[in-house]
Every structure is written in structure tokens, then in C-alpha cells.
Amino acid sequence: MLQLNYIRDNKENVLKRLAIKNFKDAEAVIDSVIEKDNLRKATQKQTDDTKAEANVLARQIGDLMKAGNREEAEAMKLKTAELKNNEKLLDEKLKVIEQEVHNLLVTVPNLPHLSVPAGNSPEENLVMLEEGVKPKLYDGAKPHWELTSKYDIIDFELGVKLTGAGFPVYKGKGARLQRALINFFLDKATASGYKEVQPPILVNQDSGYGTGQLPDKEGQMYYVAEDNLYLIPTAEVPITNIYRDVILKESDLPILNCGYTPCFRREAGSYGKDVRGLNRLHQFDKVEIVQIAHPQESYEILEQMLKHSADLLRDLELPFRVLKLCGGDMSFGSAMTYDLEVWSAAQQRWLEVSSVSNFETFQTNRLKCRYKDEKGKTQLAHSLNGSALALPRIVAALLENNQTENGIKIPKAVAAYCGFDMIN
RNA sequence: GGAGAAAUGGCAGAGCGGUCUAAUGCGGCAGUCUUGAAAACUGUUGUACCGUAAGGUACCGGGGGUUCGAAUCCCUCUUUCUCCGCCA
């Protein structure tokens, strides 16, 4: 959620940046936000004045009662009736207007950084870097969904029996590989200075709102109606919400957290080749890195986080590329996003395995995550997060790229964690 | 799941219908003293909104109610503690 005062003071700039994101009717929406807020201010003034008047009268009545002047006090009580009624009406009116302002404000996406390319579709993303050698596979090389059943390491059909499509069962070396990757990713994050946390994987409504999954992406989360809880779509939600309603010391920044969680996404929709096998799941594992940063440092930190995730791919010896997303392809709340994609040799396509974003104050404004600056003023911090990394597509690429006629080779960095260097 | 008790500022803790603009202590910050520090003393110390300012409004777990007036009374939800039951 954008800061209202910022919109008021920087309207031109806001419109310019919203244009990068292809936000429709930007000017009309911004104008109506400001207009509504003007109404809010006027109404609040009226409400406050009415309350102030009533407070004065109440105090006078109190004094009269104490002085034993009952009759005069009773006479004065009559005068307050109308005020009270007004107060109630104004309170209700104010509440409605505040809600309206809020409802408008949450429809406005974050402002992209000025360096973000304009554009609408994935084709307009900028390729910042491409690294590694795309492997040449032998004749008869298979896509990962065939390899997994050939070596009996991931069972999609069994998952369908237990739960449904998109909930695979990892078996034997497949299960061991998951555990190894999680440990590897967590150890690397810890080595980079991130403090590991193990958060709940169900969150309440407040947390959903805090990071912006609610209200707009409600349908993408699994929901437990009985207890009004949501299964997390990413560890970003519980980890970032740790800092909801928190005022930090400036010297605490930046805060680095990492955590492994399963992630749950409903993402009803497309079927077919693009979502086969591990390409898109309802439940998957991911290690997430999150930082709460000083506004002056957040873009430097974004680069560091990108490098952290890229280094993981280097360790895994996977060919990858880095995209800087164009305005139209970025998520609602992001000011700048880098995507990391690995090359899937059998599918002959790039698979997104990480998304690293700076949200600036868009999340922290809703979270009320602030710090005190050297003057003692409270300021909104910046929040950033990134996948480091999401497992399924990494596994897909590892299986496909490293397949040989004798089995699948496991890269050295992971073999140390697996206890084996070959799946056969 | 059952019975009882409780929820107040960074922390501890008083207040139980009318200067609560919330006592007091600890902690934090600034100053005095000191070569420096400690101790002692003095001052200061929540958040948000409205207002150029003076000032005003709201917030004592959340929501609602009673009253001219609520931290204080009532209802409700949540959480915590004690006891019982169940349990990895």
C-alpha cells in the first residue's frame, strides 16, 4: 500500500512511475484517492471538534456535580443530547470514508523504480546475465517426469491417490535429495549472515493482509475455514510478518532472516506440457531470504540478495540467466524484481527458480514496520525478499541436465549433503 | 475439551465512574559533577490522525454497550496463567 502523503506531495512522479507498470486509469484513481482523503480530513476535523466540545461539557458537569450543584448539572446534561447524536453520526460517517480511502488505496500497485523498463509481457523483460553452458544431451534423453518414474524417485500418481494432482510423493533418493537441497540452501544462507527461523505454515488474516496476499490474491491460498487460517504460499508471509507493528532501532538494520517452509498454491488454471511434472505444483519446498532494510541501502541489498541466489546456481552447476522484470510483469507490490531462471535441457526452456524483489515501503506501510532515525522520528523501513531457492524446478533441471546413460549425476556441492553422487 | 484467575506505556506495577493530560520504580536519552567512567543529582522519555501554529482527537488486549463522563461498570471475542482431562 502506498503512503497517502507521498501520493499527495508527489502526484506527477507517482503517475510517471505507475505508467511504467501499465496501471490503467492511474490519474483517475489517484485523483479520487486524494479527493476522498480531503473529505476524510474535513470529516475528521468536524468529528474532533464535536468531541472536544462534548468533552468540555462533560468536564463542566463533573465540576458542578462535585460542587453539589445538582440542578445546574442536570440542566446541562440536556444540552449534550444533540452533541452526542452528532458525534455518533460523524463517527460512523468517518469510519465509512476511511474505509473507502483504504479500499481505493489498496487497488494502486507499488511504484516501479525509475530504472525498471516499461513493458507489458515477459518478452519485454531485460536479460541481465546469462551464464553456464547448456548441456548437450545424449540421444534418448528424457524430460524429468519420465526420469522420476524410471528411477522411482518422485511418484506423481501416488500423490494423486493421497491428495490430488500437484502433490507429488518423493521417494528414496528423491526424498533424500529434497532434504539435502534444503539443508544446503539453509547452510549457505546462514553463512551469508541470514538468521534461520522456522515459522508456522498457517497464518491468520492479519498476516495475509500484512504482506499483501489479501485481499487481492485470496483465491490463490488454501484456506482453513474452521479456524480462519491460510496455508502460506511462501515463507515471505510469516517471516516478514514477524516485523508487523514493530518499531526497530536504526542500528538493528538491516535484519536478515531465512527460513525453509513448504509452500502451498492453489493456482487453478492451465494444464498441459508447461505444467507437467515438477514445473508447477500445489505444494513445494522453498528456502526464502528476507531483509528489513534502511531505505538508503535497500537497492544495494537487492543486488546482494540476487548474488546470493545466483551463487547457489553456480554451486549447483546449472546454466542460468538473470532477468530484470519489466513493469507489467512485476508483481503488484514490487518496486524492482529480478528473476533467476535455470535451463532445462530436456524441455529446452528456461524455468523460473527464484524471484528477488525490493518492496520499498509498500509492505512495511501496511505492516507498520518502522525504525527510529537519528532524530528520533519513526520512518518506514524497506522490505525485500527472494527465493534461495525453490526446489522443484531446480530438481527438474538437475535431473534433466545431468542425465547420462548410466544414471543421473549429482553436483558435488549437493552430493556432500545427499550421501550419494549418482541416481541410478 | 472442562473449571477458575488475569490482560495497563520498553519492562515491572498502581489506579477499579469525574484535573488519568495514567502514580511509582527500573530501563533509555540529555545535562550537572569528574581527567574519564561509575555513583549521585536534575531534566526528559508512547503511537496515530487533524491543524501554519497554539492546540485538538483517538488509543489502558480486540470489538460492542451503559453513562453528561469509562483504564475503571456490562456483553462478546482473543490471548496468557493455575488446576483437571487428552496427547506427539
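Numbered from 1 within each chain, the chains take letters A, B, ... in sequence-line order.
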Next item on the list: Using the test side-chain hydrogen bond (donor to acceptor under 3.5 Å, both in side chains), find all partners of E87(A) that sit at least two apart in sequence or belong to another chain.
Entry: none
Margin query: I'd like the C1' distance from A88(B) over to G4(B), given in whole Å.
Written below: 28 Å
Next item on the list: List in chain and number order the residues that pass side-chain hydrogen bond (donor to acceptor under 3.5 Å, both in side chains) with T234(A), two or more places apart in sequence or in another chain; answer none if no residue qualifies.
Entry: K286(A)
Item checked: E400(A) side chain to H144(A) backbone, donor-acceptor under 3.5 Å -> yes
Note to self: Reading RNA chain B in the 5' to 3' direction, which nucleotide is the first one with an atom under 4.0 Å from a heavy atom of chain A, and which is the last?
What the structure shows: G18(B) to G69(B)
Note to self: Could you identify the nucleotide paired to G69(B), looking across every strand shown and requiring Watson-Crick or G-U wobble geometry with both distances under 3.5 Å?
What the structure shows: none
Next item on the list: Pick base, sugar-phosphate or nothing for K249(A), based on heavy-atom distances below 4.0 Å to the nucleic acid.
Entry: nothing
Next item on the list: For U8(B) versus G25(B), give the span between their C1' atoms, rounded off to a whole number of Å.
Entry: 15 Å
Notebook entry, point to check: Contact class for N55(A) (heavy atom, under 4.0 Å): base, sugar-phosphate, or nothing?
Noted result: sugar-phosphate
Check: What does U44(B) pair with, Watson-Crick or G-U, if both distances are under 3.5 Å?
Finding: G28(B)
Notebook entry, point to check: When the P atoms of A3(B) and C77(B) are considered, how many whole Å apart are they?
Noted result: 13 Å
Checklist line | Opposite nucleotide pairing with C60(B), Watson-Crick or G-U, both atom distances under 3.5 Å | finding: none
Checklist line | G4(B) - base-pair partner by Watson-Crick or wobble geometry, distances under 3.5 Å | finding: C81(B)
Checklist line | Nucleotide opposite C33(B) in a Watson-Crick or G-U pair, distances under 3.5 Å | finding: none
Next item on the list: Please state the P separation for the pair G17(B) and A71(B) - nearest whole angstrom.
Entry: 13 Å
Next item on the list: Please figure out whether K45(A) or G62(A) has its closest RNA chain B nucleotide nearer the 5' end.
Entry: G62(A)
Item checked: Same-atom distance (P) from U21(B) to A12(B), integer angstrom -> 24 Å
Could you go through residues 406-415 of chain A and list every donor-acceptor pair under 3.5 Å that involves a side-chain atom there, pairing it with any protein atom two or more places apart or in another chain?
none

Check: Does NZ or CZ of K249(A) come closer than 6.0 Å to the centre of the six-membered ring of Y371(A), within 45° of the ring's axis?
Finding: no
Next item on the list: Tell me the partner of A38(B), counting only Watson-Crick (N1-N3 plus N6-O4 or O6-N4) or G-U wobble (N1-O2 and O6-N3) with both under 3.5 Å; none if nothing fits.
Entry: none
Next item on the list: Could you measure between the two P atoms, the one in A70(B) and the one in G64(B), and give it in whole Å?
Entry: 14 Å
Next item on the list: Among residues two or more places apart or on two chains, list those pairs meeting side-chain hydrogen bond (donor to acceptor under 3.5 Å, both in side chains) that have a residue in residues 381-394 of chain A.
Entry: E236(A)-N385(A), S298(A)-H382(A), Q363(A)-S383(A)
Margin query: Return whichever of I61(A) or T378(A) has its heavy-atom-nearest nucleotide of RNA chain B closer to the 5' end.
Written below: T378(A)
Item checked: Any donor-acceptor N or O pair under 3.5 Å, side chains R244(A), N241(A) -> yes
Check: What residue pairs, at least two apart or across chains, pass side-chain hydrogen bond (donor to acceptor under 3.5 Å, both in side chains) with a residue in residues 176-193 of chain A?
Finding: Q178(A)-D285(A), D187(A)-Y417(A), K188(A)-D315(A), S192(A)-H308(A)
Notebook entry, point to check: Contact class for R40(A) vs. all strands (heavy atom < 4.0 Å): base, sugar-phosphate, or nothing?
Noted result: sugar-phosphate
Notebook entry, point to check: Roughly how far apart, to the nearest Å, are A30(B) and C81(B) at atom C1'?
Noted result: 40 Å
Note to self: Would you measure the distance from the C1' atom in G62(B) across to the matching atom in G56(B) and give it in whole Å?
What the structure shows: 26 Å
Item checked: Pair assignment for C20(B), Watson-Crick or G-U wobble, requiring both distances under 3.5 Å -> none
